[in-house]
Amino acid sequence: MQTMQVGPTICLRIEELAAITAEPGRLTRLFLTHEQKRATELVRSWMSQAGMATRTDAIGNLIGRYEGNRPELPALVVGSHLDTVRDAGKYDGMLGVVTAVACVEQLHREGIRLPFAVEVVGFSDEEGVRFGSTLLGSRAFAGTFEPGLLESRDARGLTVADALREFGLDPATIQTAARTANEVLAYVELHIEQGPVLEKMDLPVGCVTSINGATRFKIEVNGNAGHAGTVPMAGRHDALAASAECILVVERRCASEDELVGTVGFIEALPGAVNVVPGEVRFSLDVRAPDDAQRQRAVEDIMRAIEAIAQRRDVTIKITRSHEAAAVPCSPWLMAQIDHAIEAEGITRCHLASGAGHDGMAVAAITNIGMIFVRCAGGISHSPAEAIKVEDAEVGARVLLSFIKNFKQRKTA
Ligand SMILES: [Zn+2]
């Protein structure tokens, strides 16, 4: 393993992938697009070079399979996603796929066959940018893709079913992407941290404990629009001022506990004119925490406070829950093996929760999951400023390879 020098190769491949984009000068690669097809073909060529048999499943996930010491063994699945947000960084998702391919390539080079198969998956949709719902690739993989999702529409009015057909896939076969629990031994994903913890601790990699649960709301505030010059301050029902108070409640409540986060990332005030008291405001709310009860408590407190604000200001506030995902814990038996692989590289073990969602949230429906985080510069992600060090890419690959080589199936009781 000491001879493995894959950091530079991984970074070169990331550059090649990042060049495949729908928008010149910035990286945007959405689900079931021409760009996704090109990225899939590029990664497929690397998988073939690494001794894997490849296929694209019914939702467009790319799967490379490296057989174990006999055919048809259940697989350890490693991977991440190949889609991006708009104006994305080049490591989010791609690092996990490219590193997993590099690890298998090393097994292939050394002529090693393990007592299980290794499958590398490049999920087709994690970010959910095109159709507004996330994890479409990994949900189909886990068999939890609801058929109704085929009717979701993108900005141009195309449905998921239309897009699948355009991509050369058959929406009627979507269920064939589903894997069963006995084909899969575990799912392990390497991903950039997208946060500042590892950098602060001066560590290149860490072991994830849990993917945070999240609740999202659409909130609509209705007051009275009025003339900015003639309606006295005392008689106003200003929807924007009420919203501002709500947003500060979110900030205060979520700052009061470690690991709890709350964000209002979208706001729109109507009619949106300099000389009109805002009568109607819509904003989003996103609350996350590693612990579901902690998140629930925060959400209840925020809702109570918002109601009180509505009453006092005599505005109506309509709250719609748009998303609810429980926290997904990583499995202790996989965490122990990841820790071991990290320590085998002479690195101090570090446990951290994931504030962002990942494919593992969906894959957890059929198998146990584990995650390895790689340090990223300034904790910045979902931005072209996303960056990692070549040395950290190398360490990540060594840890993942060591994990794969030493992987022991969970003892069934
Ligand atoms: Zn990601």
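When a ligand or atom number is given, it counts from 1 through the structure's own listing order. Note that the structure is a prediction, hence the values are computed from the model and not measured.
- Within the sub-2.8 Å shell of the Zn ion (ligand 1), the protein contributes these N/O/S atoms: H81 NE2, D92 OD1, H191 NE2.
- Looking at E35 and T33, their side chains do bring a donor and an acceptor atom within 3.5 Å of each other.
- Of the N and O atoms on the side chains of D286 and T263, not one donor lies less than 3.5 Å from an acceptor on the other residue.
- Counted within 6.0 Å of NZ on K218, heavy atoms from surrounding residues, nucleotides or ligands total 12 or fewer; the atom is thus considered open.
- With hydrogens and angles left out, the side-chain atoms of R109 and Q106 include a donor and acceptor closer than 3.5 Å.
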Go through it in stages, so that I can follow the logic: the residues are F266 and F283, the test is ring pair (Phe, Tyr, Trp, His ring centres under 6.0 Å), and I'd like the CA-CA distance, side-chain angles, deciding distance and then a yes or no.
CA-CA 5 Å; F266 164 85; F283 64 94; 9.1 Å; no
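- Between W333 and F407, the angle of the ring planes lies from 30° to 60°, which puts this pair in the tilted group.
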